Amino acid sequence: MGYNQAYTAYQKTNVTTASQGRLVVLLYEAAVKNLNSALALLEEGDKIKPGNIEAFGKHIQKTQAIIAELECSLDMEKGGEIAQNLMSLYLFFNKELTEATFNHSSSKIQPVLKMLNDLLSAWRTASNSTSNAPASSSMQTSTFSIEG
């Protein structure tokens, strides 16, 4: 097997064996990156250069697509109150980002960005726990309990 084939096989294995938590972290990281990029295009007073309007909109749209993916991944039956709260947050995020798209408003983006960063931090912690490891290793070493 050549180097390129081996590297491709490694990449595929790395993605397919990633825990669900790690994949969620990657989504949150991309959402945060896109919102930071959108904010960087806004000048003082929430002004935006005409040449940057399209890029601004694309960053917001990418974030909204990520949020939609996060919404779809929620298991409302098994997730209970946590899933309901996350759904409410995601709906709020999309509402605020839709308004930000039209108004070029950093005051709509910044609270969403802060909450996404908070969720990202929580998901990073959760995805690093042994309870969120791929199935083969978590069954062997899991001692995590949610009952406190």
Side-chain angles (χ1 to χ4, degrees), residues 4-5 7-138 142 144-148:
N4 286 337
Q5 289 174 322
Y7 182 71
T8 301
Y10 168 78
Q11 283 183 312
K12 184 177 179 182
T13 301
N14 192 31
V15 170
T16 58
T17 60
S19 68
Q20 287 180 334
R22 178 67 185 137
L23 295 174
V24 171
V25 166
L26 293 173
L27 287 170
Y28 277 113
E29 287 174 344
V32 166
K33 178 183 173 191
N34 276 289
L35 287 185
N36 279 322
S37 295
L39 282 172
L41 295 171
L42 293 175
E43 298 176 353
E44 189 174 331
D46 288 343
K47 303 289 184 205
I48 189 166
K49 292 180 182 173
N52 291 337
I53 292 173
E54 184 177 357
F56 177 83
K58 284 183 179 182
H59 290 303
I60 299 294
Q61 288 173 349
K62 286 179 183 178
T63 304
Q64 288 180 303
I66 292 166
I67 292 168
E69 186 64 33
L70 290 166
E71 286 177 23
C72 291
S73 71
L74 291 174
D75 185 335
M76 300 306 285
E77 289 180 23
K78 293 180 184 175
E81 187 177 345
I82 292 173
Q84 291 172 3
N85 290 341
L86 284 171
M87 180 60 81
S88 294
L89 274 175
Y90 296 155
L91 293 172
F92 170 75
F93 293 166
N94 271 322
K95 176 186 166 289
E96 294 298 289
L97 294 176
T98 297
E99 290 182 27
T101 300
F102 294 112
N103 301 328
H104 303 149
S105 173
S106 62
S107 65
K108 294 289 184 181
I109 297 171
Q110 289 171 341
V112 173
L113 179 59
K114 182 192 180 322
M115 286 184 265
L116 282 171
N117 270 315
D118 291 345
L119 288 166
L120 171 58
S121 177
W123 273 103
R124 278 185 177 142
T125 300
S127 72
N128 288 331
S129 73
T130 58
S131 66
N132 204 29
S136 61
S137 62
S138 67
S142 180
F144 181 77
S145 170
I146 61 170
E147 296 182 358

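Please read all numbers here as calculations on a predicted model, not as lab measurements.
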Do T98 and Q64 come close enough that some side-chain heavy atom pair is under 4.5 Å?
yes
Let me see the working for L70 and F93 under side chain to side chain contact (heavy atoms under 4.5 Å, CB included), right down to the final yes or no.
CA-CA 12 Å; L70 290 166; F93 293 166; over 6 Å; no
I60 side chain near L35 side chain, heavy-atom distance below 4.5 Å:
yes
CA sep, side-chain torsions, deciding dist, call: L119, L89, side chain to side chain contact (heavy atoms under 4.5 Å, CB included)
CA-CA 10 Å; L119 288 166; L89 274 175; 4.2 Å; yes
Where S127 and R22 come nearest, the two heavy atoms and their spacing:
CB-N, 3.7 Å
Between L74 and A83, the two heavy atoms sitting closest are CD1-O, 3.6 Å
Can you tell me if CD1 on I82 sees more than 12 non-hydrogen neighbours from other groups inside 6.0 Å?
no
Not counting sequence neighbours, list each pair that qualifies as a side-chain hydrogen bond (donor to acceptor under 3.5 Å, both in side chains) and has a residue in residues 29-48.
E29-R124, N34-H59, D46-S106
Any donor-acceptor pair under 3.5 Å linking the side chain of T101 with the backbone of L97?
yes
S107 and S105: which non-hydrogen atoms are nearest, and at how many Å?
OG-OG, 2.8 Å
Can you sort out the partners of N52 under side-chain hydrogen bond (donor to acceptor under 3.5 Å, both in side chains), two or more places apart, ordered by chain and number?
none
d(H104 NE2, I53 CD1) to nearest 0.5 Å is 5.0 Å
State, to 0.1 Å, how close I66 and A31 come at their nearest heavy-atom pair, and which atoms those are.
CD1-N, 3.6 Å
Nearest 0.5 Å please: distance from the CG atom of L23 over to the CD atom of Q20.
7.5 Å
W123 vs L27, side chain to side chain contact (heavy atoms under 4.5 Å, CB included): CA-CA, chis, key distance, verdict:
CA-CA 10 Å; W123 273 103; L27 287 170; over 6 Å; no
When rounded to the nearest 0.5 Å, the distance separating OG1 of T63 from CG of N94 is 9.5 Å
Quick one: pull up CD1 in I109 and CG in L42 and give me the separation to the nearest 0.5 Å.
5.5 Å
Do any pairs count as a side-chain hydrogen bond (donor to acceptor under 3.5 Å, both in side chains) and have a residue in residues 72-86, sequence neighbours left out, and if so which ones?
none
